[in-house]
Each structure stands twice: as structure tokens, then as C-alpha cells.
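Worksheet: the structure to be examined is printed underneath.
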There are 2 protein chains.
Amino acid sequence: MREKLAARADDSTPLYLQLAANLRRHINDGGIDPGNALPSERDLMEMTGMSRVTIRKAIEKLIEEGLLFRKQGSGTFVAPRIEAPGSILSGFSEDARRRGDSPGVIWMFRTYATPTDEEATALEISQTTSVARLGRVRLLGGEPLAIEHAVVPARFLPNLSELGDSLYAALGSGGFNPVTGQQRIRASLATPTEAGIFSIRQNSEVLRIERLTRLADGTPVEFTRSAYRGDRYDFVSELRCPPD
Amino acid sequence: MREKLAARADDSTPLYLQLAANLRRHINDGGIDPGNALPSERDLMEMTGMSRVTIRKAIEKLIEEGLLFRKQGSGTFVAPRIEAPGSILSGFSEDARRRGDSPGVIWMFRTYATPTDEEATALEISQTTSVARLGRVRLLGGEPLAIEHAVVPARFLPNLSELGDSLYAALGSGGFNPVTGQQRIRASLATPTEAGIFSIRQNSEVLRIERLTRLADGTPVEFTRSAYRGDRYDFVSELRCPPD
DNA sequence: GACAGGAATTGGTAAACGCCAGCATGACCG
DNA sequence: CGGTCATGCTGGCGTTTACCAATTCCTGTC
């Protein structure tokens, strides 16, 4: 175990991140079963040669991820496995891939344009600012599952042609990673157009999701409205206790 | 400002929590506007007499809460205000109260019973284990908005009579605070019964939410199925970037 | 054998120190 | 006038040391 945890001298990434990664790997490999305890922080100190603060920082990271939990006076334990990935700012493609499904996309439109009143307000830009307008139909197993309409200020997406399936990947490569956001979910009935695309009856149920994501400094990045087939899609989300 | 941040000597709560609370109060009072920077960590050190680690721990807490964000080489800034609290494990009552609405509850049933097959599986208990079964209609502004059916192992709710409006408050007072959970949201159509309770047409849209919450060690605490009026309720949730 | 008490072990908080890495500003030079 | 480089700010990482608080377990006593 010692060797698995030790940091690489030639790696310049912070020690505590290396340790966290090593611990995570060791746990995922089945080195420690859920419910069982990690070595104590002081033991880890000796095993890795790192200071206790560093050990604790690594452990804290894994606790944030939900992989571990602590019990004062007792130890640090591997949390029970929870399979699902959660709704924590991941796009449709990432979601699907993680589930092992193969996502498909049909582009409906992908152009630069000017925002509507509502979109400009949401994105906190003027109505004359250029935006990228992205309309897609999401497929899962070959069937249409969702209709998405994303609006992004043009400066975050300088190259529409280079856009792959994942909007977030494109944003990230430009250094515009959204880190916070807000999402509004409601149940609704399919419009005739939607019913046509989904090949379902009119007035079938659909899940409407409206999402606004922001950079760390609060700048809105992406305003997306989607409709999901209600009979095929469950929106699953992890919950975490609120701070305090 | 110095005085507002200084810790109280007679208070035994950890220094960094006191500092975090003081900073939060100072910011909420408008002492620092969104977008503006906090004093540097080293300045705060001098102002409070605390060590830098303590300062950083306090700041990290507020960052977790989404109140601050850091920019290396530049400073620590107050994050732009986001009004909504999010879906981070809060109940209907808390949600409503935070929005300034007055929640109302009509109890449909509130008894001890045995779980169904599905419930027992979800809660990871045997079908012979006693559970509390709580059926409520949620009101907002006097109108029925949601129908909730919660199932909780009896040992977490020894006193059904003492149960107020908030299930989570009752669980918390027994030391059984749920800290993680999973939620499944889907769009669906109202059943005749639901349509009756909500006074809406049959086949109107409803939002169905199925929620399973757990203690830190993974023990399931609460399994709840709810139906919300689709035309009246938007499920709003905050997003956070995933770790790493 | 059951219980009370205490020691050892675990995580929790806090200090003081040092150095690194990104950023902004202003002085300097072309 | 404009670009560039140095400098001094910011947060980011890591070590050592110390003591507190909850838990566990063993030990001695009744």
C-alpha cells in the first residue's frame, strides 16, 4: 500500500491532490471496502512521509466528493457506494457516456444571431450583442429524447465549426468553464412540434428544463431551454447537505 | 471592521467558524459589495490576530457556500448574489419559508405501519420492520400544490405526535440528520385522485419526485414520493461544478 | 461477570514559518 | 508613445508543533 500512495517526485501537481488521487484509485480498486476504515491520519503520515495537514487536505477532498466520511474519535471510513453521477453541472453527453449509453445529436441549427429580450436579460447582455444559437435534438438508442436550445454569448464560442457534441467541452477549451448555475425544472405538455419530433401524442407529458450557467465571477455563460420526453427520461440528481 | 471580525473569547465554537459567521454577516450587511475584494488574507491575519490557516479555513467555508470566490494573484471577492437557495436537501417547508411564502399542510395520514416491497427495498430494511407513513397535502397560498407520501423507519421517528410541519426538523432533533440523498424527477400526468385534490383536469401535467435520503454512513432515512402541480410549481436547483 | 474508570487512539483546531505561482502595476527603455 | 520587464502584491502549497475532544478498549474493582 505504501507504494501505491507515495507521490511521484517528478510530478508537479500538488501533493495532496496526488495523495487524493492515489487513495481514490486504491479504494476504487477494492483496496478498502465500503464501511471499512482508512489507516489513521497519523499512520498515513508515516506511510507517505507527508505532513498531517497534507493528509487531511487530501481526505477532505475525497469527503467533498462523497467517497469518505469521518467520525471523530473513531476513524475515517469509505462511504457506501452510490452509483449515480448526479446533476452537478454535467451535460447530456457526459451524462449519457457515464451511463454507458451512446449519445447522438442532430443539429437543427447552429448560427450566430441576436438574442431575444428574454435571453438578453438572462445572459445579462444587450440585445445587440451577438450570440451563438444552438438547436439540437438529443438521441439515445437512436430515438429522440430531448430537444435543446442553447444560447451563448458569441465571445465564449468563437468557432462554431469546431463545436463537437459537447458544448461544455468547447466552452472549457476556451477557458470558459461554467462553475455555478441554476436550473428550473417543470412538468408540461408537448407542443405539436415537439410531439412530432418525439413521435408521441400531442399533450403527452414532457419535462422542461431551463438552465443558466455562470463563470466563477458570475458572468452568465449559457442559457438553455430543453424539453425531455416525460415517458422516457428521469432526471436524477444527487443531494448534499447544506453547509451549516 | 476590526471589531466586527474579532472572535469572542467566551465563545467555545471554533475560531474559523466564528470568523466565517462574522464575515458572512458583514457581507450581508452590505459591508462589501458583490464583485469587490475582501482584505487580503495577510491583512485579515493582522486585523483579527488569527493565523493564516484559520483565515483560510473560514474563507474556504464561505466559498463552499458560494458567497465568495478566489482569484489567485488577485484577491478574494464577494460572489454576485444569487437569490435562490437551491435543492440542496431542504424540505418543502424550509423552501417555502425562505421564499417568504407561508406553507400549509393538511395531514392525510400519519401512522406506523409496515413497508411495501418497494419501500423496504429502497430503505434497505426488512418488510417486517415498522415504518412511519406520512401522507400530506402541501398548500401554498391556501391552494393544494403537492401531495407527499413519506416513509421513514420507525426508529428515526419515535414520536409521531410531536411531528410538526417539517419532517427534517423532527429527524434532526433526534440526531438523524440526512446528509446525502438522491432524487428522481419526472414529468407525468395527473391521476384522477390527484386531479381531484388539485382541482385540475385529469391528464394535466404533474411533476413526480422520488427522493431517498441517507445518513452520513449511508443508512437510508426517508423515502418520499411526491406529486407537484405542473402548472404551479417549478423545481429550482442550484448547480455546482463537479470536484475536479 | 458486570460495571466504572482511565489510558490510548482517533479526528478537530490552531499557531508560526517558508516558499511557490499567478497577477497588476509602474518604471524603464526603445 | 508603446511595449516590456521587474517588483511587490495576491492566493496556493507544504511542514512542524501543540493541544483539544470524542471514541474505543482495556483494566481494575466490586
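Numbers restart at 1 for each chain; the letters A, B, ... are given by sequence-line order, proteins then strands. Given the structure is predicted, the values throughout are model-derived calculations rather than measurements.
In this structure, the CG atom of A:L17 is 7 Å from the P atom of D:dC13, given to the nearest Å. Summarising the geometry, the separation between CD1 on A:I55 and P on C:dG12 is reported as 14 Å, rounded to the nearest angstrom. Spacing between atom CD of A:E46 and atom P of D:dT16 amounts to 13 Å, rounded to whole angstrom units. Between the NZ atom of B:K71 and the P atom of D:dG12 there is a distance of 13 Å, given to the nearest Å. Straight-line distance from the CD atom of B:Q72 to the C1' atom of D:dG11: 5 Å, rounded to whole Å. One interatomic measurement links the two molecules: CE of B:M45 to C1' of D:dG12, which rounds to 15 Å at whole-angstrom precision. Distance, B:R56 CZ to D:dG11 P: 8 Å, rounded to whole Å. If you measure from atom CZ of B:F69 to atom P of D:dT10, you get 17 Å, rounded to the nearest angstrom.
Regarding contacts with the backbone of D:dT24, a side-chain N or O of A:S74 is found under 4.0 angstrom from either OP1 or OP2. Contact check, B:S51 against C:dA16: no side-chain N or O comes under 4.0 Å of OP1 or OP2. Under 4.0 angstrom from either OP1 or OP2 of D:dC13 there lies at least one side-chain N or O belonging to A:Y16.
Using modelled atom types, one side-chain atom of B:Q18 and one backbone atom of B:T13 make a donor-acceptor pair closer than 3.5 Å.
Of all nucleotides listed (D:dT15, C:dC23, D:dA18), D:dA18 comes nearest to the side chain of A:R52. Counting only heavy atoms from C-beta on, B:K57 has its side chain closest to C:dT13 among D:dT10, C:dT13, C:dG11. In the set D:dG12, C:dT10, D:dT15, the nucleotide with an atom closest to the side chain of B:E41 is D:dG12.
Judged by distance alone with a 3.5 Å cut-off, no donor-acceptor contact links the side chain of B:R70 to the base of C:dG22. Side chain B:R42 to base D:dG11: a donor-acceptor pair is found below 3.5 Å.
A side-chain contact (heavy atoms from CB on, under 4.5 Å) with A:L134 is found for exactly one of A:V151, A:L157, A:T111, A:T224, namely A:L157. Considering B:E222, B:Q182, B:E124 as possible partners of B:R214, the one that fulfils the side-chain contact (heavy atoms from CB on, under 4.5 Å) test is B:E124. When each of B:V78, B:L23, B:L38, B:T76 is paired with B:L62, the side-chain contact (heavy atoms from CB on, under 4.5 Å) condition holds for B:L23 and for no other.
At a threshold of 4.0 Å, the pair A:E148-A:R211 does not count as salt-bridged, since none of the basic side-chain nitrogens sits closer than that to a carboxylate oxygen. Of the charged side-chain nitrogens involved, at least one lies within less than 4.0 Å of a carboxylate oxygen, so that B:R24 and B:E65 count as a salt-bridged pair. Salt bridge absent: A:K57 and B:E60 never bring a charged side-chain N and a carboxylate O closer than 4.0 Å.
Sequence order on DNA chain C of the closest nucleotides to A:T76 and A:V53 puts A:T76 first from the 5' end.
Note that the two end axes of the helix from C:dG1-D:dC30 to C:dG30-D:dC1 enclose an angle of 10°, each drawn from 5 base pairs, rounded to 10 degrees.
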